[in-house]
> 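Pasting a structure here, questions to come.
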Amino acid sequence: MMRTRPLKVALLGCGVVGSEVARIMTTHADDLAARIGAPVELAGVAVRRPSRVREGIDPSLVTTDATALVKRGDIDVVVEVIGGIEPARTLITTAFEHGASVVSANKALLAQDGAALHAAAEEHDADLYYEAAVAGAIPLIRPLRESLAGDKVNRVLGIVNGTTNFILDKMDSTGAGYQEALDEATALGYAEADPTADVEAFDAAAKAAILAGIAFHTRVRLDDVYREGMTEVTAADFATAKEMGCTIKLLAICERAADGASVTARVHPAMIPLSHPLASVRGAYNAVFVESDASGQLMFYGPGAGGAPTASAVLGDLVAVCRNRLNGATGPGESAYAALPVSGMGEVVTRFHISLDVADKPGVLAQVATVFAEHGVSIDTVRQQGRQDGGGEASLVVVTHRASDAALNGTVEALRKLDTVRGVASIMRVEGE
């Protein structure tokens with residue numbers, strides 16, 4: 001039997017995502033009510049610019065006083081899609097204090113203060129759901145948090161930023177340089193006017209922190225995530241990757257150490273074999289590859305951004321939270337019982353692709369190989385090619401077996417001291433093998 005009294009929802013933010021949330025709540029009202037067991041009512045919308053026309057939203061619901069809205073006391077669920085740290089953090093905790101549960105898409109806040117927000121939700125017997133904070137419409141957080149709760153996740157490897165994947169895919173498919181591909185992404189609306197958060201991997205790093213925390217039942221903060229942007233990736237890097245049967249992706253990688261005693265979280269460009277499922281993820285799409293003991297390998301794929309896809313994830317959380325509300329229950333909270341230490345990047349072991357500019361004369365390869373051997377880094381393949389323009393220089397490309405970042409860094413520092421090494425053109429990790 002359906003309850004007739006509606007569940008009241010406060011919406012914080014009415015931009016691209018918020019407006020889609022409001023639209024879906026209105027157009028799918030009957031279906032949502034049937035799925036929840038009670039009607040849901042949009043009780044207020046907090047915005048910064050109330051004069052803007054918002055199609056389909058009753059102007060009487062619009063307010064600039066977000067604090068008063070979340071303090072009302074009759075609000076069942078607060079949907080936060082304003083982003084940033086403040087005032088979002090204060091508004092969410094205030095919502096908990098006044099009896100509301102929260103659905104959020106705020107990856108930056110959750111990566112920085114997720115533990116405190118979960119504690120506040122638990123203290124006030126409320127829900128905190130945030131499927132939309134990572135990978136847009138792709139169901140990922142709930143499968144990690146619930147469907148795989150009985151399994152042991154060992155690795156999460158994924159493309160979690162659509163803007164960077166569009167740029168890299170364009171460089172790969174057309175031979176364009178970074179700036180040319182970025183300009184096209186901006187013109188098409190995939191990249192913001194200031195793309196720093198995307199191309200310098202701040203966005204992906206926040207998502208990696210959230211994923212690692214859930215996957216490994218360990219608190220992982222944004223500061224724990226190694227971050228390397230993609231602005232230095234060149235058309236020449238893609239040409240080399242193709243020769244190796246690879247492409248280049250900006251990857252978020254969260255993994256347990258081989259002995260299971262620690263975890264790492266990192267975001268950086270990497271070469272990945274064309275045979276790997278992530279290599280075929282094109283355009284602005286996202287995909288996440290999960291490896292676990294019992295389930296083996298799972299892949300989640302779909303649109304990772306945009307108003308409608310992200311709103312879909314928000315509405316999925318809203319339905320779950322409303323159902324909990326009707327049943328007088330709450331869903332899963334933070335699971336950080338494992339409390340594993342988060343290791344630094346120096347302990348990460350992977351393969352490397354190193355491109356060197358060297359003197360074009362006998363004995364150079366032997367010198368370089370000696371440096372690698374002295375630092376305990378084993379070489380898998382090496383290719384030396386003289387420059388067409390002469391000049392007495394050559395390109396030397398070395399691909400290593402698996403080695404730690406610390407060992408590789410020591411090797412590179414020693415290489416720079418060789419008179420025969422003119423410079424290090426690029427260093428890139430090789431993943432997914």
Side-chain angles (χ1 to χ4, degrees), residues 154-157 201 204-205 208 212 216 220 223-230 232-234 236-237 240-241 243-246 248-273 276 291 340-359 363-384 394-433:
N154 296 310
R155 196 170 196 234
V156 180
L157 172 75
F216 306 132
V220 180
D223 291 346
D224 296 321
V225 181
Y226 172 84
R227 178 189 58 80
E228 181 183 326
M230 50 156 282
E232 300 301 317
V233 177
T234 66
D237 291 327
T240 301
E243 292 175 1
M244 295 175 56
C246 294
I248 299 172
K249 299 291 186 181
L250 184 74
L251 298 178
I253 305 169
C254 314
E255 56 190 351
R256 294 180 189 267
D259 61 4
S262 64
V263 298
T264 56
R266 51 196 166 101
V267 177
H268 54 73
M271 292 184 179
I272 189 166
H276 194 282
E291 301 175 11
L340 297 171
V342 183
S343 298
M345 192 63 183
E347 299 176 44
V348 171
V349 175
T350 188
R351 297 179 67 204
F352 291 91
H353 172 280
I354 305 102
S355 179
L356 304 172
D357 295 326
V358 300
V364 173
L365 179 56
Q367 288 182 330
V368 169
T370 298
V371 170
F372 275 87
E374 289 173 347
H375 288 81
V377 179
S378 177
I379 293 175
D380 181 18
T381 62
V382 62
R383 184 179 75 254
Q384 184 172 350
S395 295
L396 183 64
V397 175
V398 177
V399 179
T400 74
H401 287 289
R402 292 175 65 83
S404 71
D405 251 53
L408 194 281
N409 289 338
T411 303
V412 171
E413 286 304 309
L415 288 171
R416 294 184 193 277
K417 296 176 182 178
L418 292 178
D419 292 338
T420 52
V421 175
R422 308 294 193 232
V424 180
S426 67
I427 301 172
M428 192 169 294
R429 295 169 184 85
V430 183
E431 300 283 351
E433 294 185 291

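If you're wondering where the values come from, they're calculated on a predicted model, not measured in any experiment. What's counted below: heavy atoms across the whole structure, side chains too, no hydrogens, waters or symmetry copies.
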> If you round to the nearest 0.5 Å, how far is NE2 of H353 from SG of C246?
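Those atoms lie 8.5 Å apart.
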> Determine which pairs satisfy side chain to side chain donor-acceptor pair (under 3.5 Å) with at least one residue from residues 401-411, sequence neighbours left out, and list them in order.
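Checked against side chain to side chain donor-acceptor pair (under 3.5 Å) - neighbours excluded - the pairs reaching residues 401-411 are D405-R429.
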> Return the CD to CG distance between Q367 and D419, rounded to the nearest 0.5 Å.
8.0 Å
> For the atom pair CG (D357) and OG (S395), what is the distance rounded to the nearest 0.5 Å?
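Output value for this atom pair is 5.5 Å.
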> Any side-chain heavy-atom pair from V358 and T420 closer than 4.5 angstrom?
no
> Just grab all the salt bridge (charged side-chain N to carboxylate O under 4.0 Å, His left out) pairs involving residues 371-380, residues at least two apart or on different chains.
R351-D380
> Checking M244 against T381 for the side chain to side chain contact (heavy atoms under 4.5 Å, CB included) test, could you report, in this order, the C-alpha distance in whole Å, the side-chain angles of both residues, the deciding distance, and whether it holds?
CA-CA 10 Å; M244 295 175 56; T381 62; over 6 Å; no
> Compare all side-chain heavy atoms of V368 with those of V382 and state whether any distance is below 4.5 angstrom.
no
> Which heavy-atom pair separates L250 from P269 by the least distance, and what is that distance?
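What the structure gives for the nearest pair is CD1-N, 3.6 Å.
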> How close do E431 and I253 get, heavy atom to heavy atom, and via which atoms?
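It is CD-CD1, 3.6 Å.
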> Within this structure, what is the CE-OG1 distance for the pair M428 and T234, rounded to the nearest 0.5 Å?
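So the gap between those two atoms works out to 7.5 Å.
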> CG/D224 to OG/S343 distance, rounded to the nearest 0.5 angstrom?
10.0 Å
> Any idea which heavy atoms bring A212 and V220 closest together, and the distance?
CB-CG2, 3.9 Å
> Restricting to ring-ring contact (aromatic ring centres under 6.0 Å, His included), what partner residues turn up for H375, sequence neighbours left out?
none
> Can you tell if the side chain of L418 reaches within under 4.5 Å of the side chain of L415, non-hydrogen atoms only?
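Heavy-atom side-chain distance check passes, below 4.5 Å.
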> With rounding to the nearest 0.5 angstrom, report the CZ to CG distance, F216 to L340.
9.0 Å
> If every non-hydrogen atom of G432 is compared with every non-hydrogen atom of I272, which pair is closest and at what distance?
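That would be CA-CG1, 4.4 Å.
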> How about V424 and R416: do any of their side-chain heavy atoms sit closer than 4.5 Å?
yes
> Determine whether H276 and K249 satisfy the following criterion, side chain to side chain contact (heavy atoms under 4.5 Å, CB included), listing intermediate values before the conclusion.
CA-CA 11 Å; H276 194 282; K249 299 291 186 181; over 6 Å; no
> Are R266 and E228 close enough for a salt bridge, meaning some N to O gap below 4.0 Å?
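Salt bridge between R266 and E228, a charged N being under 4.0 Å from a carboxylate O: no.
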> Compare every heavy atom of G344 with every heavy atom of T264, then report the nearest pair and how far apart it is.
CG2-O, 4.4 Å
> Which heavy atom of F352 sits nearest to which heavy atom of V430, and what is that distance?
C-CG2, 4.2 Å
